[in-house]
Amino acid sequence: MNARIDFFANPVAGKVLRHINSAGRAAGDALSHTTQELVKIRASQINGCGFCTDMHTKDAAAAGETQLRLNLVATWREATVFTEAERAALELAEQGTRIADAAGGVTDEAWANAAKHYNEDELTALISLIAIINAYNRINVINQQPAGDYQPGQFG
């Protein structure tokens, strides 16, 4: 499979990606690397973005995340390997990604649970990160960006 557009060579895409990356760095400063990667992986799984799922699972593993936890991200509700804070972030990521599937978007219960574990800056970063990874997922899915060849740290 080949991408429809070479986003890594196109000058317009380069400008867009630089701005998205800049926003991602700003949002990431307030959250642990582990939480960021778990949220990115879960949203990417939901959206069917192979490129982002490949990237973020490999980056998480390179940063020391265990294979067990990576294997269980998609089934985090039944898994016992995630902290309560991580579970709250994953729930917020799921509901924030599936906005079209749920009347009213993110539930008050999911928000209250996240607010128990994260302060206002961290919640702001979490919301932003969810929006940013969803934007990346859409770019890559629409563009049919192939997955599997990413090397950890390739873009960072």
Gap between atom [atom2] of [Y] and atom [atom1] of [X] - 0.5 Å precision:
X: L123; Y: S128; atom1: CG; atom2: OG; value: 10.5 Å
X: T53; Y: N137; atom1: OG1; atom2: CG; value: 7.0 Å
X: D59; Y: H33; atom1: CG; atom2: NE2; value: 6.0 Å

| L92 reachable from V39 in the ILVMFWY side-chain graph, under 4.5 Å edges | yes
| field | Shared hydrophobic cluster for F8 and Y150 (ILVMFWY, side-chain gaps under 4.5 Å) | value | yes
| query | If you look only at pairs with a residue in residues 65-81, which of them pass as a side-chain hydrogen bond (donor to acceptor under 3.5 Å, both in side chains), with sequence neighbours excluded? | reply | E65-R69, Q67-N71, R69-E86, W76-E94, R77-E91, R77-E94
| Any F155 side-chain heavy atom under 4.5 Å of M55 side chain | yes
| said: For D149, is the CG atom crowded, meaning more than 12 foreign heavy atoms sit under 6.0 Å from it? | reply: no
| Hey, is CG on N119 packed in by over 12 heavy atoms from elsewhere, all under 6.0 Å? | yes
Do you know the tightest heavy-atom contact between [X] and [Y]?
X: R138; Y: T97; result: NH2-O, 4.3 Å
X: Y118; Y: A89; result: OH-CB, 3.6 Å
X: Q36; Y: G28; result: NE2-O, 2.9 Å

| query | Any luck finding a side-chain donor-acceptor pair between N21 and R25 under 3.5 Å? | reply | no
| field | Whichever hydrophobic residues join V12 through chains of side-chain contacts under 4.5 Å | value | none
